[in-house]
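Below is one structure, written out as structure tokens; the observations come after it.
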Amino acid sequence: MNFLFCINNKYCDVIKPVIYSILEHNSGNHCFYFIYADVSDYNQQKIISYTESLGCLAVFRKFDKDIRCLPINGNNWSVEVYFRLFACYLLHDVDKVLYLDGDIICTGGLTELYQMNDILCAVENDDQSACCRLNLPKGQRYYNAGVLMMNLQKMRDLYSKVTTKK
């Protein structure tokens, strides 16, 4: 399975328990992709060494586009929250990834989710407190973007169809 994390230097140590919990509940060959704008070489090497010690691969892809025009709320969002939206371009050689926020713990198998073949899969959050916290209207549907099954090849195909119709 391919996993994607969008991180900065603050998440480099936090990410290790997530990786460990994934491997604890999911056997097989896994690759961990990291999209970043500002992760030191030292922190990259620490993550690479850690994943290699667990028999997995870590790949870093730098995000170097200026997206300062997008809304960023320093309390709830950082610029990294947008990186997953560009995964199909930055991971051009990857067909599918399971995007996970860096502060979760995996408590079970992910194979069934990973085998879904939709362009994008997310979990609807029934907890209206999240809607209140985000200032969404009462009763608004909210999807947890912290766990996303992303079919990057289908995203690229869709983009190609849209741009060729113009």
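Worth knowing before you read on, the calculation uses all heavy atoms, side chains too, and leaves out hydrogens, waters and symmetry mates.
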Is there side-chain contact between Met150 and Lys96, with heavy atoms separated by less than 4.5 Å?
no

Just jot down the ring-ring contact (aromatic ring centres under 6.0 Å, His included) partners of Tyr89, sequence neighbours excluded, or say none.
Tyr159

If we only count heavy atoms from C-beta on, is the Tyr36 to Glu80 side-chain gap below 4.5 Å?
no

Is there a side-chain contact between Met1 and Thr111, using heavy atoms and a 4.5 Å cut-off?
yes

Contacts of Asp157 that satisfy side-chain contact (heavy atoms from CB on, under 4.5 Å) - sequence neighbours left out
Gln153

With Asn29, which residues qualify under side-chain hydrogen bond (donor to acceptor under 3.5 Å, both in side chains), at least two apart?
none

Please, which pairs that meet salt bridge (charged side-chain N to carboxylate O under 4.0 Å, His left out) have at least one residue in residues 43-55, sequence neighbours excluded?
Asp13-Lys46

Could I get the full list of side-chain contact (heavy atoms from CB on, under 4.5 Å) partners for Cys106, not counting sequence neighbours?
Ser21, Ile22, His25, Asn26, Leu110

Does any part of the side chain of Val18, heavy atoms only, come nearer than 4.5 Å to the side chain of Asp103, both counted from C-beta?
no

Is there side-chain contact between Ile47 and Val39, with at least one heavy-atom pair below 4.5 Å?
no

Taking the side chain as every heavy atom from C-beta outward, state whether Leu98 and Val147 have any pair of such atoms under 4.5 Å apart.
yes

Applying ring-ring contact (aromatic ring centres under 6.0 Å, His included) to Tyr33 and not counting sequence neighbours gives none

Could you verify whether a donor N or O on one side chain and an acceptor N or O on the other, from Tyr99 and Asp101, lie under 3.5 Å apart?
yes

When you check the side-chain N and O atoms of Asp38 and Asn8, is any donor under 3.5 Å from an acceptor?
no

So if you build clusters from Ile, Leu, Val, Met, Phe, Trp, Tyr with side-chain heavy-atom gaps below 4.5 Å, do Leu100 and Ile15 land together?
yes

Asp95: side-chain hydrogen bond (donor to acceptor under 3.5 Å, both in side chains) partners, not counting sequence neighbours:
none

Could you name each residue pair satisfying salt bridge (charged side-chain N to carboxylate O under 4.0 Å, His left out) that touches residues 17-33, not counting sequence neighbours?
none

Minimum heavy-atom distance between Cys6 and Phe83, given as atom pair plus value:
SG-CB, 3.6 Å

ring-ring contact (aromatic ring centres under 6.0 Å, His included) partners for Phe32, two or more places apart
Phe3

Using residues 116-124 as the side-chain source, report each donor-acceptor pair under 3.5 Å to any protein atom, sequence neighbours left out, with the distance given to one decimal.
{"residue": "Asn117", "atom": "OD1", "partner": "Asn151", "partner atom": "ND2", "Å": "3.2"}
{"residue": "Glu124", "atom": "OE1", "partner": "Arg141", "partner atom": "NH2", "Å": "3.3"}
{"residue": "Glu124", "atom": "OE2", "partner": "Arg141", "partner atom": "NE", "Å": "3.3"}

